[in-house]
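Each remark here refers to the structure printed beneath this line.
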Amino acid sequence: SKQGVNVHHSPIDVTEQDAVHEFCDATAQTLSRIDHLIHSVGVVDNTGDVVELPLEVWDRTLAVNLTSAFLMAKYAVPHIISAGGGSIVNIASVSGLANQVSAMAYSVSKAGIISLTKSQAIDLAQHNIRANAICPGSVETSLVAQAIVLTAGETGRTPEETRKDWESQYPTGRFS
């Protein structure tokens, strides 16, 4: 690329072990190596408390948000080790540190990402691989807009009230 950074991307189902394995191998072959892994996959369409949330939604949320991070690292790390080291950056969330009403599955999955990252940092340091988690707050995306509507429906509030409530939790009074 113009900036001297080569990136390989391909649409895959990150919950499918064979697809992730093939993707990582294809990436290493296409780029001749893998130096860094950035895991930024996530879904938020999982509102409900422990009684209301269907098991299928729980399973899907954990598969997409957490298991995919495990699988990507599982199959990228051997290539990173072969390259002499590098880094893993996992995108978690402030929700992994402080839960919100009716966002249990999302919060649990993002807390899992934070814990996974700590384990990666400890286990992979000997291979010259750094692992860090980034915990952003809400960012203006269509995913957040959907989450606001879902949360509003769950709590009996309007989307506007829900947005104002969420934004008030940030020092800037707005999303990033």
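Residues: numbered from 1 along the sequence shown.
- Residues Lys110 and Gly42 share a closest heavy-atom pair of NZ-CA, 4.5 Å.
- Nearest heavy-atom pair, Ala76 versus Leu37, reported as atom, atom and distance to 0.1 Å: CB-CD2, 4.2 Å.
- Taking both residues in full, the closest heavy atoms of Ile34 and Ala83 are given as O-CB, 3.5 Å, listed atom of the first, atom of the second, then distance.
- Judged purely by atom type and a 3.5 angstrom limit, Ser109 uses its side chain to pair as donor or acceptor with the backbone of Tyr106.
- Within a 6.0 Å radius of CD in Gln29, no more than 12 heavy atoms belonging to other residues, nucleotides or ligands are found.
- Using a 4.5 Å cut-off on side-chain heavy atoms (C-beta onward), Asp165 and Arg157 make contact.
- When side chains are defined from C-beta on, Ile81 counts as touching Ile129, because their heavy atoms get closer than 4.5 Å.
- Taking a 4.5 Å side-chain heavy-atom cut-off between Ile, Leu, Val, Met, Phe, Trp and Tyr, the cluster of Ile114 extends to Leu97.
- Here the CG-OG1 distance, from Asn65 to Thr15, works out to 11.0 Å after rounding to the nearest 0.5 Å.
- The hydrophobic cluster containing Val149, built from Ile/Leu/Val/Met/Phe/Trp/Tyr side-chain heavy atoms closer than 4.5 Å, comprises no other residue.
- Under the side chain to side chain contact (heavy atoms under 4.5 Å, CB included) test applied with Cys24, the options Lys74, His8, Met72 reduce to a single match, Met72.
- Hydrophobic clustering (side-chain heavy atoms under 4.5 Å, transitive across Ile, Leu, Val, Met, Phe, Trp, Tyr) groups Val57 together with Leu55.
- Judged as a ring pair (Phe, Tyr, Trp, His ring centres under 6.0 Å), and not counting sequence neighbours, the contacts of His21 are Tyr75.
- When hydrophobic residues (I, L, V, M, F, W, Y) are linked wherever their side-chain heavy atoms come within less than 4.5 Å, the members clustered with Ile38 are Val89, Ile91, Ile134.
- Remark: His127 engages no residue in a ring pair (Phe, Tyr, Trp, His ring centres under 6.0 Å) (not counting sequence neighbours).
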Could you walk me through whether Glu56 and Asp59 pass the side chain to side chain contact (heavy atoms under 4.5 Å, CB included) check? CA-CA 5 Å; Glu56 302 78 37; Asp59 287 345; 5.8 Å; no
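- Asn90 places no side-chain N or O within donor-acceptor distance of the main-chain N or O of His39, the cut-off being under 3.5 Å.
- For the pair Asn99/Met104, no side-chain contact is recorded, criterion being any heavy-atom separation below 4.5 Å from C-beta on.
- Environment of CG in Asp18: sparse, with no more than 12 heavy atoms of neighbouring residues, nucleotides or ligands closer than 6.0 Å.
- At least one donor-acceptor pair under 3.5 Å links the side chain of Ser107 to the backbone N or O of Ser95.
- The closest side-chain heavy-atom distance from Val77 to Ile88 is below 4.5 Å.
- Inter-residue side-chain proximity for Asp25 and His79 is flagged as met; some heavy-atom pair is nearer than 4.5 Å.
- When atom types are taken as modelled, the side chain of Asp35 and the backbone of Ser87 share no donor-acceptor pair closer than 3.5 angstrom.
- Separating the CG atom in Asn6 from the OG1 atom in Thr27 is a distance of 11.5 Å, to the nearest 0.5 Å.
- Of all heavy-atom pairs between Ile113 and Ala92, the closest is CG2-CB, 3.7 Å.
- Contact record, Phe70 with Leu116: N-CD2, 3.8 Å, taken as the closest heavy-atom pair.
- Looking only at side-chain heavy atoms (C-beta outward), Val41 and Val64 come within less than 4.5 Å of each other.
- Side chains of Val14 and Phe23 form no contact here, defined as non-hydrogen atoms less than 4.5 Å apart.
- A distance of 6.5 Å separates OG1 of Thr61 from CG of Leu53, quoted to the nearest 0.5 Å.
- Taking the side chain to side chain donor-acceptor pair (under 3.5 Å) definition, one finds that Arg130 meets it with nothing, sequence neighbours left out.
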